[in-house]
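Structure, as structure tokens:
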There are 2 protein chains.
Amino acid sequence: MKEKILATSTELFGKRGFPETSIQDIVSMNDLTKGTFYYYFKNKEDVLVQIHEQFIESLLMQQQEIIQADLSAHDKLEAMVQMLIENIRTNANSAMVFFREMRHLSNEKTRDILPKRHQFQRNIASVIETGMLSGEFRSDLRADMLSFGVLGIANWSYFWYDPEGEVSEKELTHIFMEMIFKGIEEEKT
Amino acid sequence: MKEKILATSTELFGKRGFPETSIQDIVSMNDLTKGTFYYYFKNKEDVLVQIHEQFIESLLMQQQEIIQADLSAHDKLEAMVQMLIENIRTNANSAMVFFREMRHLSNEKTRDILPKRHQFQRNIASVIETGMLSGEFRSDLRADMLSFGVLGIANWSYFWYDPEGEVSEKELTHIFMEMIFKGIEEEKT
């Protein structure tokens with residue numbers, strides 16, 4: 001039941017926005033009483049907190065699997081971008097809520113979640129640094145700034161990419177990784 | 001006066017969000033009467049529409065100047081990224097409102113503004129295509145997808161980049177353009 005309430009709320013917050021969704025909307029859509037809602041959640045913010053936590057923790061867990069895999073820095077970075085793009089299909093609304101409604105969390109709750117967002121970005125920077133040390137990547141650019149560039153490419157996709165469109169997730173990842181790894185300039189030969 | 005109301009509203013919508021800001025908040029911050037507000041704007045949505053229009057039209061105008069300049073495709077693309085990053089300093093709140101509050105526009109208003117957002121993206125794709133034709137850029141990757149990647153890098157900066165921090169706008173643009181043009185892989189020699 002809790003998962004069902006979370007799923008419906010994610011859809012409502014994603015489509016209408018957090019302030020525009022009432023607890024009444026959430027219970028109506030689930031054919032529940034408010035009593036059932038309050039059995040699982042303290043209030044509407046509590047739902048938002050749990051959507052944020054589930055989303056970032058799922059991403060961190062998937063990222064952790066990639067980090068621990070026996071892969072080159074190159075392949076880890078590619079796997080992370082691919083993972084983010086594949087998550088659009090299953091988690092578009094969660095991502096919308098995550099990127100857009102964070103400001104509705106209390107300062108206290110933001111203090112819990114923000115470090116996890118930063119951790120995700122720092123893990124990308126750390127893969128890039130490893131690749132610089134191993135000689136896979138050039139070492140004349142700041143890894144932290146590059147990690148924000150890579151995250152920008154992947155996260156921005158949540159705002160425009162349609163997984164049902166003519167470009168598959170695999171092809172999109174390929175194009176992005178070609179740009180990130182080799183760049184778009186024609187090689188001078 | 002109209003510009004002042006727009007500036008205050010942009011700040012309020014950016015910091016608190018559109019639904020959380022009332023016309024009363026806007027007039028209080030400007031020491032105005034509601035009568036003065038309604039002399040310039042039909043309602044709160046009208047303010048949001050004008051913020052969106054000013055923001056995207058200013059970007060399109062700056063982009064147009066770059067397109068018309070006597071520059072290579074390479075330099076045009078770099079100038080566009082630099083322009084977007086420089087706009088963070090002056091337009092952070094407008095950008096927040098632009099990226100986040102679009103869903104509060106009526107369908108009719110969205111129909112006016114969406115084509116301008118698309119135009120901005122298509123102009124980037126078109127510079128990339130020109131570079132492919134001139135041999136500056138490799139032509140084995142889709143220019144439209146690349147344009148979304150470049151936009152993602154630049155637009156994402158609005159969510160994390162602090163122009164007062166240790167990395168200057170110029171340095172950030174340099175790092176991003178090195179990745180976009182040459183990639184982060186160590187060249188095999």
**Asked** Most heavy-atom pairs under 4.5 angstrom with chain B, which of A/His174, A/Met132, A/Lys15, A/His104?
**Response** A/His104
**Request:** Check each atom of A/Phe159 against the heavy atoms of chain B and say whether the ones under 4.5 Å are side chain, backbone, both or neither.
**Result:** side chain
**Message:** Using a 4.5 angstrom heavy-atom cutoff, name the option from A/Ser157, A/Ala154, A/Gly149 with the most pairs to chain B.
**Reply:** A/Gly149
**Request:** Identify the heavy atoms of A/Met179 and B/Val150 that sit nearest to each other, and give their distance.
**Result:** CE-N, 4.1 Å
**Message:** Once rounded to the nearest 0.5 Å, what's the spacing between atom CG of B/Leu151 and atom CD1 of A/Ile153?
**Reply:** 11.0 Å
**Asked** Roughly how far, to the nearest 0.5 Å, is CG of B/Asn155 from CG of A/Asn155?
**Response** 12.0 Å
**Item:** A/Trp160 CH2 to B/His118 NE2 distance, which is reported to the nearest 0.5 Å
**Value:** 11.0 Å
**Prompt:** Measuring heavy-atom distances to chain B, does A/Phe176 have an atom under 4.5 Å in its side chain, in its backbone, in both, or in neither?
**Reply:** side chain
**Asked** If we only count heavy atoms from C-beta on, is the B/Leu77 to A/Ile184 side-chain gap below 4.5 Å?
**Response** yes
**Asked** Is it true that A/Ile124 and A/Leu71 fall in one hydrophobic cluster, defined by side-chain heavy atoms closer than 4.5 Å?
**Response** no
**Asked** Same cluster for A/Leu114 and B/Tyr158 if Ile/Leu/Val/Met/Phe/Trp/Tyr side chains link at under 4.5 Å?
**Response** yes
**Request:** Kindly work out whether a path of hydrophobic side-chain contacts (I/L/V/M/F/W/Y, heavy atoms less than 4.5 Å apart) joins A/Leu133 to A/Phe137.
**Result:** no
**Request:** Enter the distance from A/Glu185:CD to B/Glu136:CD here, rounded to the nearest 0.5 Å.
**Result:** 8.5 Å
**Complete:** From the list B/Gly17, B/Ala73, B/Gly131, the residue making the most non-hydrogen contacts under 4.5 Å with chain A is B/Gly17
**Asked** Under a 4.0 Å N-O cut-off, is there an ion pair linking B/Glu166 with A/Arg142?
**Response** yes
**Asked** Of the non-hydrogen atoms in B/Ser139 and A/Glu186, which two are nearest, and what is the gap between them?
**Response** N-OE1, 4.4 Å
**Asked** Just wondering, do A/Arg138 and B/Glu178 contact through their side chains at under 4.5 Å, heavy atoms?
**Response** yes
**Asked** Is chain A contacted by the side chain of B/Gln121, its backbone, both, or neither, given a heavy-atom distance below 4.5 Å?
**Response** neither
**Asked** At what distance, to the nearest 0.5 angstrom, does CH2 of B/Trp156 lie from CZ of A/Phe148?
**Response** 10.5 Å
